[in-house]
Amino acid sequence: MSYKHNNLLARRQNYWKDNDSPRVLQEKQFLQQMLVERGIFQDATLDDAKYLFFNLPSIIIVKGYAHGFLHESVQSLILKYIDENKQMLQQKSTLKIKFRM
């Protein structure tokens with residue numbers, strides 16, 4: 001694992017452990033809501049949202065940290081990712097993260 005991957009994984013973990021920040025809690029609820037609205041799950045749990053979050057491509061995580069996960073541009077990236085990976089998300093399969101260089 002590269003240094004960058006470890007750093008990004010640590011950022012994901014720290015973000016997900018944050019249960020005190022109202023902004024983070026709102027963003028987690030947003031992820032749950034998107035899973036329901038896009039028909040991935042009938043009732044998305046916090047664990048379902050965590051699964052999605054930890055499978056999002058690094059570019060979405062980086063932009064989410066920079067602008068916030070509720071920013072319109074980040075939301076559109078998340079929705080596009082959900083739509084493109086609907087079946088895999090429903091099955092909770094291990095997703096291959098694509099990187100753009």
Side-chain angles (χ1 to χ4, degrees):
M1 246 186 243
S2 71
Y3 169 76
K4 286 183 182 180
H5 178 76
N6 285 337
N7 189 28
L8 192 56
L9 180 58
R11 292 186 98 186
R12 288 179 200 253
Q13 290 169 339
N14 288 337
Y15 176 89
W16 204 261
K17 288 179 188 174
D18 183 353
N19 292 317
D20 297 324
S21 168
R23 180 187 57 84
V24 172
L25 295 174
Q26 184 181 17
E27 291 172 344
K28 289 177 183 180
Q29 287 178 339
F30 163 75
L31 293 175
Q32 284 179 271
Q33 179 184 345
M34 289 300 98
L35 289 169
V36 171
E37 286 180 9
R38 290 304 209 218
I40 305 300
F41 302 111
Q42 208 167 28
D43 254 343
T45 65
L46 199 53
D47 282 337
D48 296 329
K50 180 180 181 181
Y51 167 75
L52 170 63
F53 181 77
F54 276 83
N55 281 289
L56 289 173
S58 57
I59 190 68
I60 296 176
I61 299 299
V62 171
K63 286 186 177 192
Y65 270 100
H67 302 294
F69 289 93
L70 297 178
H71 189 272
E72 189 177 319
S73 66
V74 179
Q75 282 186 21
S76 68
L77 290 172
I78 292 170
L79 294 174
K80 181 180 177 190
Y81 177 79
I82 289 172
D83 290 342
E84 289 175 354
N85 296 284
K86 185 174 183 169
Q87 189 174 26
M88 301 284 263
L89 289 168
Q90 287 172 327
Q91 297 169 356
K92 289 194 176 182
S93 302
T94 303
L95 300 172
K96 257 191 171 175
I97 297 175
K98 298 175 187 173
F99 296 94
R100 265 194 272 165
M101 299 299 269

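Quick caveat, the model's predicted, so the values are computed rather than measured.
The structure places CG of L77 at 8.0 Å from CD1 of I59, a figure rounded to the nearest 0.5 Å. Annotation: the span from E84 atom CD to I82 atom CD1 amounts to 11.0 Å, rounded to 0.5 Å. For the atom pair M88 CE and N55 CG, the distance stands at 9.5 Å (nearest 0.5 Å). Distance check, rounded to the nearest 0.5 Å: CG of L9 to OG of S58 gives 12.0 Å. Between atom CD of residue Q29 and atom CG of residue L70 there is a gap of 10.0 Å, rounded to the nearest 0.5 Å. Within the model, atoms OH of Y81 and CG of D83 stand 12.0 Å from one another, a figure rounded to the nearest 0.5 Å.
In this structure, S21 has no side-chain hydrogen bond (donor to acceptor under 3.5 Å, both in side chains) partners at least two apart in sequence or on a different chain. Residues satisfying the side-chain contact (heavy atoms from CB on, under 4.5 Å) criterion with K86, sequence neighbours excluded, are I40, Q90. Under the side-chain contact (heavy atoms from CB on, under 4.5 Å) criterion, L46 pairs with W16, K28, Q32, not counting sequence neighbours. A search for ring pair (Phe, Tyr, Trp, His ring centres under 6.0 Å) contacts involving F41 returns nothing, not counting sequence neighbours.
The side-chain hydrogen bond (donor to acceptor under 3.5 Å, both in side chains) pairs that include a residue from residues 61-72 are H71-S73, where partners are two or more places apart or lie in different chains. Sequence neighbours left out, the pairs with a member in residues 17-27 that pass salt bridge (Lys or Arg N to Asp or Glu O under 4.0 Å) are R23-E27.
Closest non-hydrogen pair, I61 versus L8, comes out as CG2-CD1, 3.5 Å. Shown here for A49 and L31, the closest heavy-atom pair between the two residues is CB-CB, 3.9 Å.
Here the side chain of Y51 pairs no donor or acceptor atom with the backbone of L89 at under 3.5 angstrom. Side-chain atoms of R12 come within 3.5 Å of backbone atoms of L56 as a donor-acceptor pair (strictly under, hydrogens ignored).
Relative ring orientation between Y15 and F53 is described as parallel, the plane-to-plane angle staying below 30° on a 0-90° scale split at 30° and 60°.
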### Query
Under the side-chain contact (heavy atoms from CB on, under 4.5 Å) criterion, do M34 and L52 qualify, and how do the steps go?
CA-CA 10 Å; M34 289 300 98; L52 170 63; 5.6 Å; no

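Contact check for V24 versus F69: no side-chain heavy atoms found under the 4.5 Å cut-off. Proximity of Q26 to F30: side-chain heavy atoms (C-beta onward) are nowhere separated by under 4.5 Å.
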